[in-house]
Protein chains: 2
Amino acid sequence: MQLSPKIENFVLHCGEMGSRWGFNRTIGQMVGLLVINEKPLTANEIAEALKISRGNVSMGIKELQSWQLVKVHHIPGDRKEYYSPNGSIWDLANRVFEERRKREIDPTLTLLRDQILDSANSPEEKYAQEQMQSIHDLLETVTKWSAELQRLTPEQLQSLMKLGSSVSKVIDLKDKLLRKS
Amino acid sequence: MQLSPKIENFVLHCGEMGSRWGFNRTIGQMVGLLVINEKPLTANEIAEALKISRGNVSMGIKELQSWQLVKVHHIPGDRKEYYSPNGSIWDLANRVFEERRKREIDPTLTLLRDQILDSANSPEEKYAQEQMQSIHDLLETVTKWSAELQRLTPEQLQSLMKLGSSVSKVIDLKDKLLRKS
DNA sequence: TTAAAGTTTCAATAATTACTGAAACTTTAA
DNA sequence: TTAAAGTTTCAGTAATTATTGAAACTTTAA
């Protein structure tokens with residue numbers, strides 16, 4: 001498993017970005033490698049290509065499975081497991097998005113809901129609660145919106161984008177329609 | 001600067017989430033503290049409230065300024081600097097979003113554009129380039145969309161959401177309008 | 001000027017997170 | 001069965017990232 005410079009370049013970049021996308025360097029590289037390789041790879045091939053230990057690959061695969069980003073294949077007469085990306089690029093991005101929402105937004109929403117229900121016993125707490133309410137509303141809006149967008153196919157999304165340079169036009173459109181009816 | 005349990009709870013939570021939102025624990029706590037405090041705070045007050053060193057606060061403020069999340073105030077006759085959030089919750093969220101886009105997406109888009117222009121010299125590279133093209137297209141779509149959404153005020157966003165439980169309705173709307181005109 | 005009040009910097013260290021590799025485990029086929 | 005081929009686990013260690021605190025710097029007012 002020897003990578004061409006161009007491919008290695010891409011894989012290394014995925015590693016660097018990995019940490020920003022919610023996993024660590026190694027796991028980023030693994031995703032990159034699996035995505036640009038047409039045929040599924042064994043754990044050993046991955047370890048060799050990325051020059052990392054076999055144990056590390058095993059842990060990485062486990063993590064990627066918890067994100068539902070990889071799929072296992074078996075080839076008849078071969079005991080090894082072969083790994084490949086679980087779905088299209090679009091599917092993978094959606095899962096990452098979803099998983100991150102769960103980790104980055106949901107816990108905060110839960111906490112805020114609790115705090116807001118609680119009664120404030122000082123002017124400081126009163127102000128704090130108002131702010132928490134704003135954050136709550138914002139996060140809820142973002143959550144609902146991302147759920148809507150995720151439901152769309154890439155084609156629908158493209159179609160929506162062609163509406164014009166600004167979504168505000170859609171809003172105007174809606175207002176006009178409402179006024180007519 | 002003694003925090004009530006309720007407020008401390010929120011601040012600590014912001015710290016935990018901080019790392020998931022692109023900064024570290026301390027900086028997350030600082031943002032939380034500034035946001036729920038009605039009046040601006042000095043660096044010393046922040047250090048005391050969060051029980052961290054003065055130097056750490058200084059570095060945190062610097063980082064938050066690079067994200068454009070804090071604003072400095074001066075009180076006549078007082079040499080200290082007072083810090084407060086730079087804008088509404090909505091403004092802050094927008095800036096974080098924007099900054100993360102720059103860090104998490106833009107570098108990849110640049111790399112992909114370069115790689116795609118380059119010619120493939122093997123079937124493996126051919127496939128790799130096709131995949132990179134898909135990733136590129138996806139990221140570009142996401143980037144454009146987030147720019148659109150960021151341009152909206154919270155009110156417009158709410159208005160847009162009320163359109164119905166599914167954004168696909170917007171697409172139907174567009175189709176109907178196009179047919180009429 | 002100078003010293004007091006404040007801020008910033010950064011080397012040293014603490015805390016956290018990732019990785020290795022050897023041992024334990026699992027599965028399969030002879 | 002058993003041994004070969006494979007996988008997983010996890011204690012120890014390496015690498016990275018965050019924090020402190022003391023020294024250096026800046027600003028202001030007497």
### Message
Quick check for you: among D:dT9, D:dT19, C:dT8, whose closest atom lies nearest to any side-chain atom of A:Ser58?
### Response
D:dT9

### Task
Run the salt-bridge test on A:Glu99 and A:Arg103 with the 4.0 Å N-O cut-off and return the result as yes or no.
yes

## Note on the structure
Winner on side-chain proximity to A:Met59, out of C:dT16, C:dT20, C:dT9, is C:dT20

### Message
In this structure, how many angstroms lie between the P atom of D:dA18 and the NZ atom of B:Lys51, rounded?
### Response
22 Å

Distance-only donor-acceptor pairs under 3.5 Å for side chains of residues 68-75 of chain B, two or more places apart:
residue : atom : partner : partner atom : Å
B:His73 : NE2  : B:Ser84 : OG           : 2.6

### Task
Take atom CD1 of B:Ile46 and atom P of D:dT20, then tell me their distance rounded to the nearest Å.
14 Å

### Message
If you count every heavy atom of other residues, nucleotides or ligands that lies below 6.0 Å from B:Tyr127 atom OH, does the total exceed 12?
### Response
yes

### Query
Does D:dA14 pair with anything, Watson-Crick or G-U wobble, both distances under 3.5 Å, and if so, with which nucleotide?
C:dT17

### Query
So what's D:dT27 paired with, Watson-Crick or G-U wobble, going by both distances under 3.5 Å?
C:dA4

### Query
CD of B:Gln65 versus P of C:dT9: gap in Å, rounded?
11 Å

### Query
For A:Ser88 and A:Asp91, what are the C-alpha separation, side-chain angles and deciding distance, and is it a side-chain hydrogen bond (donor to acceptor under 3.5 Å, both in side chains)?
CA-CA 5 Å; A:Ser88 66; A:Asp91 295 329; 3.1 Å; yes

### Nucleic acid contacts - residues 35-44 of chain B versus DNA chain D, non-hydrogen atoms under 4.0 Å
none

### Query
Between A:Glu63 (CD) and D:dT9 (P), how many Å, whole number?
13 Å

### Task
Give B:Asn56 one of three labels, base, sugar-phosphate or nothing, depending on what nucleic acid heavy atoms sit under 4.0 Å from its own.
base

### Task
Pull out every residue in residues 72-83 of chain A that has a heavy atom closer than 4.0 Å to any atom of DNA chain D, ordered by number, or say none.
A:Arg79, A:Lys80, A:Glu81

### Query
Salt bridge or not for B:Arg151 and B:Glu148, using N-O below 4.0 Å?
yes

### Message
Tell me whether A:Ser58 contacts the main-chain N or O of A:Arg54 through its side chain, where contact means a donor paired with an acceptor under 3.5 Å.
### Response
no

### Message
Rounded to whole Å, please give me the gap between CD1 in B:Ile27 and C1' in D:dT19.
### Response
11 Å

### Query
Given that both distances must come in under 3.5 Å, which nucleotide forms a Watson-Crick or G-U wobble pair with D:dA22?
C:dT9

### Task
Would you mind checking if B:Glu98 and B:Arg95 are paired as a salt bridge, meaning a charged N to carboxylate O distance below 4.0 Å?
no

### Message
Does D:dT16 have OP1 or OP2 under 4.0 Å away from a side-chain N or O of A:Asn24?
### Response
no

### Query
Considering all heavy atoms of both residues, which atom of B:Trp21 and which atom of B:Trp67 are nearest to each other, and what is their separation?
O-CH2, 4.3 Å

### Query
Where the side chain of B:Ile52 is defined as all heavy atoms beyond and including C-beta, which of C:dA18, C:dT20, D:dT20 is the nearest nucleotide?
D:dT20

### Query
Within the pair B:Lys62 and C:dT7, is there a side-chain N or O less than 4.0 Å away from OP1 or OP2?
no

### Message
I need the CZ-C1' distance between A:Arg25 and D:dA15, as an integer number of Å.
### Response
8 Å

### Task
Could you tell me whether the side chains of B:Ser4 and A:Glu124 share a donor-acceptor contact shorter than 3.5 Å?
no

### Task
Measure from CZ on B:Phe23 to P on D:dA18 and round the result to the nearest Å.
12 Å

### Task
Determine, for B:Arg113 against B:Glu140, whether the closest basic-nitrogen to carboxylate-oxygen distance falls under 4.0 angstrom.
yes

### Message
In whole Å, I'd like the distance from the CE atom of B:Met30 to the C1' atom of D:dA18.
### Response
14 Å

### Query
B:Thr26 has a side chain; which of C:dG21, D:dT19, C:dT8 sits nearest to it?
D:dT19

